[in-house]
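Some notes on the structure that comes next.
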Amino acid sequence: MVTSDSFFGGAPEVNASAPGRVNLLGEHTDYNDGFMLPVATPQRTTVALSRSNDGHFVFYSSTLDANVTFAPDGSAPAGFGSYIEGCIRLVEAEGVTVPPLRVWVSTDVPVGSGLSSSAALEVATLRALRQMLGFELDDVKLARIAQRAEIEYARVNCGIMDQMASSLADESHMLFIDARTLEHRLAPLPQGAEIIVIDSGIARKLAGSKYNERRAECEEASRKLGVAALRDVTDPESVESLPEPLKRRARHVVQENLRVLEAAGGVSLERFGELMNASHFSLRDDYEVSIPELDELCALLRAQEGVVGARLTGAGFGGACVALCKTGHAQAAAEAALNEYNRNGRQGRLLIPVPTEGKENNESV
Ligand code: NG1
Ligand code: MG
């Protein structure tokens, strides 16, 4: 593995970082112009930059131990380089001159677990570019450019939640986001709350196609209801007139937005847990994006002492579950749920609270 010092032959010119995110409530609402409540992860991605002296762009990922090199009029091959190249090209499109750069990336945000390592990479890259080149870019505009990098260069048709969260959230607050206006505010976590995130170990292979299918179903439901987006449904009963499966898809989105608005207004830890459970059942039964492993993992988490609610987080079809519990219970609850879940050869793993090496070695047996 190449260290930052050896990659740059000394210290880089600048260094910036950005977190991943875990969404506590408000799933499949961002592309419906709705509301959500993500929190920043303790895991972060760091991007270091220096001007290149051979006229080429060189990107190195210490996590993948891979690098890409290309000329200024060329482009990065598909992979981690396209996220970085997208950020550079879109900053250039804003009128900023970007010289050929050496870019070093390091992350402890798990890739492919639904904690949005891609948004962390985009936001950290844009922060590093802003710092090095000194252009004006507020944090909301930065999130928009990051989202465009993902859509146009990494070819993932994502909503705005991940990039807004990575750009503006912190670890000890929820970030309330209105995906239509991009209005946002930090809201305190329910009093006495601790977060648990466990990766189910099931990769989200179907996510691409089903994700887009759900987006299309929501658009069709909006058309039939005569609204611009499901966010605009004012009478929740009106969705019941839709044909199947649009009725259940729309019901999920409309009710999920109501749950977020209630939670963002400030509720007890117990009530927040109920809203998370309701979100999971709605994602399972109406939106149909859960899988048996996520249902089981959530049920195991709910059964632990101190846990008030659990749900799948992210798009579904695999990936992670998030739970809220009373302060002081997270470690024990997560370990107990994981031990049970992993009994039949499953590969579940704790993401939050972040396991320390020592703890993993000493306590997991
Ligand atoms: P995940 O599954 O965490 O990557 C995806 C979308 C979000 C949002 C959620 C569902 C991407 C990159 N992100 O998140 O914008 O729509 O699903 O709430 O596709
Ligand atoms: Mg992503």
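None of the values given here were measured: they were computed from a predicted structure. Position 1 is the first residue of the sequence; numbering continues from there. Counting starts at 1 for both ligands and their atoms, in listed order.
Checked for salt-bridge contact, E150 and R155 miss the test: no charged N lies under 4.0 Å from a carboxylate O. Between E288 and R248, at least one side-chain nitrogen of the basic residue sits less than 4.0 Å from a carboxylate oxygen of the acidic one, meeting the salt-bridge criterion. Salt bridge absent: E305 and K326 never bring a charged side-chain N and a carboxylate O closer than 4.0 Å.
Annotation for ligand 1: atoms under 4.0 Å from non-hydrogen atoms of D30 are 7 (C), 8 (C), 15 (O), 16 (O). Of all the atoms in ligand 1, the ones that sit under 4.0 Å from a non-hydrogen atom of Y31 are 16 (O). Here is the list of ligand 1 atoms found below 4.0 Å of a heavy atom in E150: 12 (C). If you number the atoms of ligand 1 from 1 as listed, the ones under 4.0 Å from a heavy atom of R21 come out as 1 (P), 3 (O), 14 (O).
Remark: T97 engages no residue in a side-chain contact (heavy atoms from CB on, under 4.5 Å) (not counting sequence neighbours). Contacts of Y153 classified as ring-ring contact (aromatic ring centres under 6.0 Å, His included), with partners at least two apart in sequence or in another chain: none.
Put simply, part of G114 is less than 4.0 Å from ligand 1, judged by heavy atoms. For M36, the closest heavy-atom approach to ligand 1 does not fall below 4.0 Å.
Backbone and side-chain nitrogen or oxygen atoms of Y211 are examined, and one is located within less than 3.5 angstrom of a nitrogen or oxygen of ligand 1. Any N or O atom pair closer than 3.5 Å counts here, and A315 shares at least one such pair with ligand 1. The shortest N or O to N or O distance between T29 and ligand 1 is not below 3.5 Å. Residue contacts with ligand 1: N157 is placed with no nitrogen or oxygen under 3.5 Å of a nitrogen or oxygen of the ligand (distance criterion only).
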Given ring-ring contact (aromatic ring centres under 6.0 Å, His included), test F59 with F70 step by step and report yes or no.
CA-CA 9 Å; F59 305 161; F70 60 100; 5.3 Å; yes
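Of the heavy atoms in M161, only side-chain atoms (C-beta onward) come closer than 4.0 Å to ligand 1. Contacts between L115 and ligand 1, counted as non-hydrogen atom pairs separated by less than 4.0 Å, are absent for every part of the residue.
In this structure, F35 and F176 have parallel ring planes: the angle between them is below the 30° cut-off, well short of the 60° mark.
Between Y31 and Y211, the ring centre distance stays below 6.0 Å.
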